[in-house]
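Here the structure is a predicted model, which is why all the values come from computation and not from measurement.
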Amino acid sequence: MAIVGAVVLLVALVALGGYFLYRSLPGTGTSVSANASEASSAGEDERDMGALYIRVIGESSNVFVRVPGGDVLHDQVIRQGGSINFADAGEGLEVTIDDPGAVEVFVNGEQRDVSDQDAGYSFTISGDG
């Protein structure tokens, strides 16, 4: 019985150690909050859009977001009606949009028209500090 208890305790400690190791890795505890959802966000309030808000109005587009010269925060295809939201720019954000005509982009709550840009359009949002 004591051996079973020791094994269960060991497994629990290994699991907790793995969890805390994962949380301590770079990029897993950033202050930039991303919310990629496939739900429609037509009623999104501009005050709640944060530093960067991208909504796909076309069929789909790959959206790549990273900290300048650093961690990749998002690199996925977002389908029609889906969106991604970064509450703050932290150290800044580098954004690349594969199909600019398929998205609406809001930077700090203000719409930025990128629909006439070439495929693979990139821009940078400066950080607040």
Side-chain angles (χ1 to χ4, degrees):
M1 196 67 161
I3 293 174
V4 172
V7 169
V8 169
L9 181 62
L10 178 66
V11 169
L13 289 175
V14 168
L16 283 173
Y19 171 76
F20 287 113
L21 176 64
Y22 172 75
R23 296 284 296 173
S24 70
L25 293 174
T28 58
T30 65
S31 65
V32 176
S33 136
N35 177 17
S37 80
E38 295 297 323
S40 175
S41 55
E44 191 71 32
D45 186 0
E46 287 186 8
R47 293 181 304 257
D48 296 333
M49 289 184 173
L52 176 66
Y53 178 80
I54 300 172
R55 176 176 44 221
V56 177
I57 57 174
E59 187 174 324
S60 67
S61 180
N62 188 61
V63 177
F64 179 82
V65 181
R66 75 176 185 162
V67 175
D71 295 336
V72 173
L73 304 174
H74 183 82
D75 185 12
Q76 293 181 353
V77 172
I78 303 175
R79 308 248 178 255
Q80 184 176 34
S83 64
I84 183 168
N85 183 14
F86 290 87
D88 63 67
E91 302 169 24
L93 298 172
E94 290 180 353
V95 182
T96 302
I97 301 171
D98 283 354
D99 185 1
V103 300
E104 290 181 330
V105 176
F106 294 85
V107 176
N108 296 318
E110 294 185 23
Q111 187 167 9
R112 182 181 287 187
D113 185 13
V114 298
S115 60
D116 59 346
Q117 300 295 327
D118 293 332
Y121 174 67
S122 295
F123 62 94
T124 301
I125 299 172
S126 62
D128 50 15

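When hydrophobic clusters are built by joining Ile, Leu, Val, Met, Phe, Trp and Tyr residues whose side-chain heavy atoms come closer than 4.5 Å, directly or via intermediates, Phe123 is grouped together with Val67. Hydrophobic clustering, with ILVMFWY side chains joined whenever heavy atoms are under 4.5 angstrom apart, groups Val65 together with Tyr121.
Between Glu110 and Arg112, every side-chain heavy-atom pair lies at or beyond the 4.5 Å cut-off.
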For residues 100-107, run the donor-acceptor check on the side chains, cut-off 3.5 Å, and write out each pair with its distance to 0.1 Å, sequence neighbours left out.
unit_1	atom_1	unit_2	atom_2	d
Glu104	OE1	Arg55	NE	2.8
Glu104	OE1	Arg55	NH2	2.6

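From Leu93, atom CG reaches atom CZ of Arg66 across 11.5 Å, with rounding to the nearest 0.5 Å. For the atom pair CD (Glu59) and CG (Asp99), the distance works out to 9.0 Å, reported to the nearest 0.5 Å. Separating the CZ atom in Phe64 from the CD1 atom in Ile97 is a distance of 12.5 Å, to the nearest 0.5 Å. Taking CD1 from Ile78 and CG from Asp98, the interatomic distance works out to 10.5 Å, rounded to the nearest 0.5 Å.
In Asp118, the CG atom is not crowded: 12 or fewer heavy atoms of neighbouring residues, nucleotides or ligands sit closer than 6.0 Å. Environment of CD1 in Ile3: sparse, with no more than 12 heavy atoms of neighbouring residues, nucleotides or ligands closer than 6.0 Å.
Without hydrogens or angle criteria, Asp71 side chain to Leu73 main chain gives no donor-acceptor distance under 3.5 Å.
Looking at every heavy atom in both residues, His74 comes nearest to Val63 through CD2-O, 3.1 Å. For the residue pair Pro68 and Gly92, the shortest heavy atom distance occurs at CD-O, 3.2 Å. Heavy-atom minimum distance, Gln80 versus Gly58: CB-O, 2.9 Å. The shortest heavy-atom contact between Gly120 and Thr96 is O-CG2, 3.7 Å.
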